[in-house]
Participant: 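Here's a structure for you.
Chain identifiers are assigned alphabetically (A, B, ...) following the order of the sequence lines, protein sequences preceding nucleic acid strands; residue numbering begins at 1 within each chain. Small disclaimer: the values here were computed from a predicted structure and weren't measured. Quick note: numbers below take in every heavy atom, side chains included, and nothing from hydrogens, waters or symmetry partners.
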Amino acid sequence: MRQKKQRLAVAEQQQSPPDMAQMPSPKEPRLGPPVTLGPQRSIYFSSPKSHPPRLGSEFFDQPAVLLAQAFLGQVLVRRLADGTELRGRIVETEAYLGPEDEAAHSRGGRQTPRNRSMFMKPGTLYVYIIYGMYFCMNVSSQGDGACVLLRALEPLGGLETMRQLRTSLRKGTSSRAVKDRELCSGPSKLCQALAIDKSFDQRDLAQDEALWLERSPLGPTRSAVVAAARVGIGQTGEWAQKPLRFYIRDSPWVSVVDREAEQENRTEQRACSDKNF
DNA sequence: AGATGGATACCCT
DNA sequence: GGGTATCCATCTG
């Protein structure tokens, strides 16, 4: 009981009410997000020179597998109600392909109130509750019912706030300090660390004021991306085996490493380079 | 390794 | 409507 209250208290503290998030308050001006929002375009912000550009809807409009790979290295930014910015580099993702994918919530074309955002336009957030107590954050991609799950971040900024969020949202009473590696190394951990909850469901990552993606100058090289089986979706079925999880090789921030897949990826690459690649 | 926790989907009156 | 099995995880011992 006490934990539940704690959880709510933190959520209220960090979370701005929807109306406040939408309307700029005249008496309390806030720093704007990296680029202007709204339908009207400005040539000033389309210039490649403007500061770290926010990734727009074109970025999200690609097939789930490509989007899952393109996410790697990009920086996710969360701005809390008090203006604090939390940032992390995406190091691990999973692709869910839509109706044909037996491991996807949208398998068989199932559409329910919960997974509605999977069918919305690319860039739409799909946040769902798992095991009754955790959140997972997905981003809709091109393809009906297809999306990408964000599984791990390398924390870059706002670590102390992340630690606080992770500590206060944890269930146990143990007051052991949360290590840096434990801040965002899992789909629900990163949601806790960035204070992302169900209220983000159906929001647009290309437009939202509290959450956005910044292009990183250096992405991982092709050989630094490991393709492995997805986590936690059972052992059976062809879809459980498919290499639809992607992570940055040797990153200490990844949630689950798959040595076997890393080995296989390497031999595949060698085979490619042998064939004059 | 085992317990946890509750929303959700799905089946059944 | 109600009952139940399941669930893309985390924490602790």
Participant: Considering Watson-Crick and G-U wobble pairs with both distances under 3.5 Å, what does B:dT4 pair with?
Facilitator: C:dA9
Participant: A:K198 side chain: which of B:dT8, B:dT4, C:dC8 is closest?
Facilitator: B:dT8
Participant: Quickly work out the A:Y128 OH to B:dG5 P distance and round it to whole Å.
Facilitator: 20 Å
Participant: Looking at B:dA9, C:dA9, C:dT10, which one has an atom nearest to any side-chain atom of A:R114?
Facilitator: B:dA9
Participant: Taking only N and O in the side chain of A:R151, is any of them less than 4.0 Å away from OP1 or OP2 of C:dA9?
Facilitator: yes
Participant: From the options A:D204, A:D201, A:N138, select the one residue that forms a side-chain hydrogen bond (donor to acceptor under 3.5 Å, both in side chains) with A:S117.
Facilitator: A:D201
Participant: Nearest-Å distance, CD1 (A:I130) to P (C:dT6)?
Facilitator: 15 Å
Participant: Does A:Y96 stack onto the base of C:dC8, taking stacking as ring centres under 5.5 Å apart and planes under 30° apart?
Facilitator: yes
Participant: More than 12 foreign heavy atoms under 6.0 Å from CD of A:E100: is that the case here?
Facilitator: yes
Participant: Centre of A:Y126's six-membered ring, under 6.0 Å away, within 45 degrees of the axis: is that where NZ or CZ of A:R114 sits?
Facilitator: no
Participant: Grab the OH-P distance between A:Y126 and C:dC7 for me, whole Å please.
Facilitator: 14 Å
Participant: Base, sugar-phosphate alone, or nothing: which one does A:L149 contact when heavy atoms must sit under 4.0 Å apart?
Facilitator: base
Participant: For A:R107 and B:dT8, give me the distance from atom CZ to atom P, rounded to whole Å.
Facilitator: 15 Å
Participant: Checking base pairs now: Watson-Crick or wobble, both atom distances under 3.5 Å. What partners C:dG2?
Facilitator: B:dC11
Participant: Can you check the A:M133 CE to B:dA3 P distance for me, whole Å?
Facilitator: 13 Å
Participant: Atom OH of A:Y131 and atom P of C:dA9: how far apart are they, to the nearest Å?
Facilitator: 5 Å
Participant: Output yes when A:K242 and A:D101 qualify as a salt bridge under the 4.0 Å nitrogen-oxygen rule, no when they do not.
Facilitator: no
Participant: Which one, C:dC8, C:dT10, B:dA9, comes nearest to the side chain of A:T112?
Facilitator: B:dA9
Participant: Could you give the CZ-to-P distance, from A:R230 to C:dC7, as a whole number of Å?
Facilitator: 14 Å
Participant: Just the rounded figure in Å: distance from P of B:dA9 to CD of A:Q111.
Facilitator: 12 Å
Participant: Just compare B:dG5, B:dC10, C:dC11 and give me whichever is closest to any side-chain atom of A:R110.
Facilitator: B:dC10
Participant: Check this for me, if you would: do A:R270 and A:E268 make a salt bridge, where the nitrogen-to-carboxylate-oxygen distance has to be below 4.0 angstrom?
Facilitator: no
Participant: If you check the A:V231 side chain, which of B:dA7, B:dA9, C:dA9 turns out closest?
Facilitator: C:dA9
